[in-house]
Protein chains: 2
Amino acid sequence: MDKTDRRLLALLQQDCSLSLQELADAVNLTTTPCWKRLKRLEEAGIIQGRVALLDPEKLGLGLTAFVLIKTQQHSSQWYSQFVAAVDAMPEVLGFWRMAGEYDYLMRVQVADMKRYDDFYKRLVNSVPGLSDVTSSFAMEQIKYTTALPLEN
Amino acid sequence: MDKTDRRLLALLQQDCSLSLQELADAVNLTTTPCWKRLKRLEEAGIIQGRVALLDPEKLGLGLTAFVLIKTQQHSSQWYSQFVAAVDAMPEVLGFWRMAGEYDYLMRVQVADMKRYDDFYKRLVNSVPGLSDVTSSFAMEQIKYTTALPLEN
DNA sequence: AGTGAAAGAATCACTTA
DNA sequence: TAAGTGATTCTTTCACT
């Protein structure tokens, strides 16, 4: 993983519709060595995939909620059940186990409050022991990017 | 935006390296009408772009932090200054203005605690009036997806 | 929405430094 | 071990139906 690889990654995480020729030009290579680098980065799992980013507003999914969860349940069995349940909920775009006061944090994207309420009920009923669940709602998304800070 | 468009979007937000032929097959079209739909969805801004998703761990960016911010400053001038400052910080992957107790929530990705501390100092010095800033750290990322819940 | 042709891009065997 | 050339194949794009 040299500087050229990093520059390729920085470019691709901004726009993966760049052609091999454009990428190669940007890093002063010809297409073949550039292509080999991309294959290597894919096989190494550094490039996890290529996705289209969609506009949530235009798709009627304008409500972003963050859910903070505390629980008394900490068995590994309960945990796998919880993770499986949350995994199966497509409204959950992000899910983290946290250090500190709350045990879990979730980012949820839905159409409106009615849909959020619906999601919330499904969530608290999906596993036992979700007693302390607090929801916070976003008024505005100021910044959102999938691009990691690779500094180029 | 009919059902076919939605199915195309659902596919592309999972994997935009699918060829036009594969996409067309999946929605029972030939390449040309399928291509025209994609162009329409791009021009409408529903497809915002195509990006490569990278593995943060493998790039040495394993620390995810959430930053909650309260402020007394609410002038539009202060706000644009704050937004511009945060925008310029590549460690910030998500930034929301919130309803409720805290005014802002941020998702930050960095290498380690040392780098986080560095970021934190830059943040609180970027604009005046960031008195109440609390950081929470993720122990584990359980789920992360850019795919919106389009239900297909 | 489809056909078919032309242009463009990706892929790979082989070569070179 | 990394880069380049050139041929082949696959993909995208578009005028026309």
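The analysis underlying the following values was restricted to heavy atoms, covering all of them including side chains, and did not include hydrogens, waters or symmetry mates. Sequence lines set the chain letters: A, B, ... in the order given, protein chains first and strands last, and positions in each chain run from 1.
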Checklist entry - Would A/D103 and A/R97 satisfy side chain to side chain contact (heavy atoms under 4.5 Å, CB included), going step by step from the backbone distance to the final call? => result CA-CA 6 Å; A/D103 297 308; A/R97 190 162 61 79; 5.9 Å; no
Checklist entry - In residues 37-55 of chain B, which ones come under 4.0 Å of DNA chain C, going by heavy atoms? => result B/R37
Item to check | Residue-level proximity of residues 15-31 of chain A to DNA chain C when a heavy atom falls under 4.0 Å | outcome: A/S19, A/L20, A/Q21
Checklist entry - Using 4.0 Å as the upper bound for N to carboxylate O, is an ion pair formed by A/R122 and A/E91? => result yes
Checklist entry - Donor-acceptor pair, B/D132 side chain versus B/I69 backbone, under 3.5 Å? => result no
Item to check | Short side-chain N/O contact from B/W35 to OP1 or OP2 of D/dT13, under 4.0 Å | outcome: yes
Checklist outcome for this item: In terms of heavy-atom contacts, A/P149 and B/L93 come closest through CD-CD2, 4.3 Å
Checklist entry - A/W96 vs B/F66 aromatic rings, parallel, tilted or perpendicular, using cut-offs 30° and 60°? => result perpendicular
Checklist entry - So, do A/F137 and A/Y116 have ring centers that fall under 6.0 Å from each other? => result yes
Checklist outcome for this item: Rounded to whole Å, the CE-C1' distance (A/M1 to D/dT1) equals 18 Å
Checklist entry - How long is the line joining NZ of A/K36 and P of D/dT5, in whole Å? => result 13 Å
Next on the checklist: With a 3.5 Å cut-off and heavy atoms only, can you find an N or O donor on one side and an acceptor on the other between the side chain of A/T32 and the base of C/dT11?
Outcome noted: no
Checklist entry - Does B/F82 have its ring centroid less than 6.0 Å away from the ring centroid of B/Y104? => result yes
Item to check | Result of checking A/R107, A/Q109, A/Q141 against A/T64 for side-chain hydrogen bond (donor to acceptor under 3.5 Å, both in side chains) | outcome: A/Q109
